[in-house]
> 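Here it is: the structure, laid out below.
Note that the structure is a prediction, hence the values are computed from the model and not measured. In this chain, numbering begins with 1 at the start of the sequence shown. Counting starts at 1 for both ligands and their atoms, in listed order.
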Amino acid sequence: MALVEIKNLHKSFGGNHVLRGIDFTVEQGEVVCVIGPSGSGKSTLLRCVNLLEVPQEGQVFVRGEEITDPDVHLDAARAGIGMVFQQFNLFPHLNVLKNCTVAQTTVLRRKPEEADKVARANLERVGLSEKVEAFPAQLSGGQQQRVAIARALSMDPALMLFDEPTSALDPELVGDVLTVMRKLALEGMTMLVVTHEMAFAREVADRVVFMDGGVIVEQGPPAEVIGNPREERTKLFLRRVL
Ligand code: ADP
Ligand code: MG
């Protein structure tokens, strides 16, 4: 069974038909990078996977459970999916540790001591053990994004979604975040990553998906899609970003 299965997904905002029939799977342990021009529907696709957007047509299955079923228990379905955004979205009034424990205690109903232990372990994983007491405003963008990753990991997700996690960072801070993501991939985390970091996609992705105009134009191993694309639209896009 695929970890994520998307069937014939359509999403419109008013008259803007953004996703035009997406079929797509992510296998357990797979790292899939989604690339494509701005406005092609990459973020919308990601947001449909955890129902931050509700599609008009089509189905999304996560671990065999249809999360687009109107009767599904949303919190339970979402708890298995971690999401990291371009803007880190940390809680500014909570310190780093608390940022990583609050959803554990409220959504997963973990005891505070357990949540604390899990949070500390994940902050160590992203190299921020020293910053548990700090507040978001005291951290660099790269550190804040690593807190956001630790926070998501603390929910023990089966799947991690990343939406351009390094796009808001100063160039010298991008590397630390990519290093953490590379490590997660090596540990076997299933990841769906929207990114403009072609070197990262080339090195880390098992599969690259190129989207344009709300459809998947081509997908395959990075050496093919980035290294030797078949479709004219892919070639055009890569010529602009590489
Ligand atoms: P990408 O991430 O590839 O840049 P998006 O999925 O963000 O593309 O956006 C695709 C299209 O959907 C754009 O035309 C955008 O303006 C539109 N769109 C995205 N989110 C919304 C929304 N919440 N309301 C209205 N239009 C939206
Ligand atoms: Mg986007």
Side-chain angles (χ1 to χ4, degrees), residues 4-26 31-60 62 67-68 70 74 78 81-90 141-142 144-145 148-149 152 157 159-171 173-174 177-178 181 190-202 204-205 207-220 222 225-226 229 231-242:
V4 180
E5 184 167 12
I6 294 170
K7 290 184 181 170
N8 191 34
L9 200 67
H10 287 265
K11 175 70 189 176
S12 301
F13 296 102
N16 187 5
H17 194 175
V18 172
L19 298 180
R20 299 167 169 257
I22 302 274
D23 290 282
F24 174 69
T25 58
V26 183
V31 177
V32 179
C33 285
V34 180
I35 62 172
S38 176
S40 58
K42 304 178 301 295
S43 293
T44 304
L45 171 64
L46 226 59
R47 293 165 63 82
C48 283
V49 174
N50 63 359
L51 284 198
L52 289 176
E53 299 290 355
V54 180
Q56 277 86 7
E57 198 184 324
Q59 295 165 300
V60 178
V62 177
I67 64 162
T68 36
L74 251 190
R78 278 205 192 114
I81 305 173
M83 181 141 183
V84 175
F85 302 86
Q86 182 174 337
Q87 299 302 337
F88 330 118
N89 299 338
L90 297 177
Q144 289 187 54
Q145 191 60 299
I149 294 172
L159 167 71
M160 286 284 284
L161 306 175
F162 292 89
D163 192 358
E164 298 194 33
T166 60
S167 295
L169 299 177
D170 292 332
L173 303 176
V174 168
V177 172
L178 292 181
M181 292 172 65
T190 309
M191 296 165 51
L192 184 53
V193 185
V194 175
T195 187
H196 291 297
E197 297 287 338
M198 293 301 145
F200 175 84
R202 252 193 138 114
V204 181
R207 185 151 50 95
V208 172
V209 171
F210 173 68
M211 275 182 76
D212 193 12
V215 298
I216 293 176
V217 175
E218 70 178 292
Q219 58 176 311
V225 176
I226 299 176
E231 301 293 331
E232 207 48 51
R233 281 199 274 177
T234 319
K235 290 179 192 169
L236 207 66
F237 170 74
L238 289 169
R239 233 174 276 144
R240 270 184 275 137
V241 297
L242 285 180

> From the Mg ion (ligand 2), how many protein N/O/S atoms are found at a distance short of 2.8 Å?
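If we list every protein N, O or S atom nearer than 2.8 Å to the Mg ion (ligand 2), we get 1.
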> Side chains of residues 233-242: which donor-acceptor partners sit under 3.5 Å, not counting sequence neighbours?
residue : atom : partner : partner atom : Å
T234    : OG1  : E218    : OE2          : 2.7

> Give the minimum heavy-atom separation between L19 and G41, together with the two atoms involved.
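Minimum heavy-atom contact is CD2-O, 3.5 Å.
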> Under 3.5 Å, is there a donor-acceptor pair between the side chain of R78 and the main chain of N50?
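Flag set: sc R78 to bb N50 pair under 3.5 Å.
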> Can any side-chain N or O of H196 pair as donor or acceptor with the backbone N or O of M198 at less than 3.5 Å?
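Pair absent, no side-chain N/O of H196 close to backbone of M198.
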> Would you name the heavy atoms of P157 and A152 that are closest together and state the gap between them?
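Nearest heavy atoms, P157 then A152: CD-O, 3.3 Å.
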> Would a distance-only check, ignoring hydrogens and angles, find a side-chain to backbone donor-acceptor pair under 3.5 Å from K42 to M211?
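Not confirmed, K42 side chain does not pair with M211 backbone.
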> Among residues at least two apart in sequence or on other chains, which ones pass side chain to side chain contact (heavy atoms under 4.5 Å, CB included) with A168?
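For A168, the residues satisfying side chain to side chain contact (heavy atoms under 4.5 Å, CB included) (neighbours in sequence not counted) are Q86, Q87.
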> Which pairs of N or O atoms, one from ligand 1 and one from the protein, are separated by less than 3.5 Å, and what is the distance for each pair?
residue  : atom   : partner : partner atom : Å
ligand 1 : 2 (O)  : S43     : N            : 2.9
ligand 1 : 2 (O)  : S43     : OG           : 2.9
ligand 1 : 3 (O)  : S40     : N            : 3.2
ligand 1 : 3 (O)  : S40     : OG           : 3.4
ligand 1 : 3 (O)  : G41     : N            : 3.1
ligand 1 : 3 (O)  : K42     : N            : 2.9
ligand 1 : 3 (O)  : K42     : NZ           : 2.7
ligand 1 : 4 (O)  : G39     : N            : 2.7
ligand 1 : 6 (O)  : T44     : N            : 2.9
ligand 1 : 6 (O)  : T44     : OG1          : 2.5
ligand 1 : 8 (O)  : G41     : N            : 3.2
ligand 1 : 14 (O) : N16     : ND2          : 3.2

> Distance from C48 atom SG to I67 atom CD1, nearest 0.5 Å?
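If we round to the nearest 0.5 Å, C48:SG and I67:CD1 are 9.0 Å apart.
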> When you compare the side chain of L46 with that of M83, does any pair of heavy atoms fall below 4.5 Å?
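Answer yes - side chains close enough.
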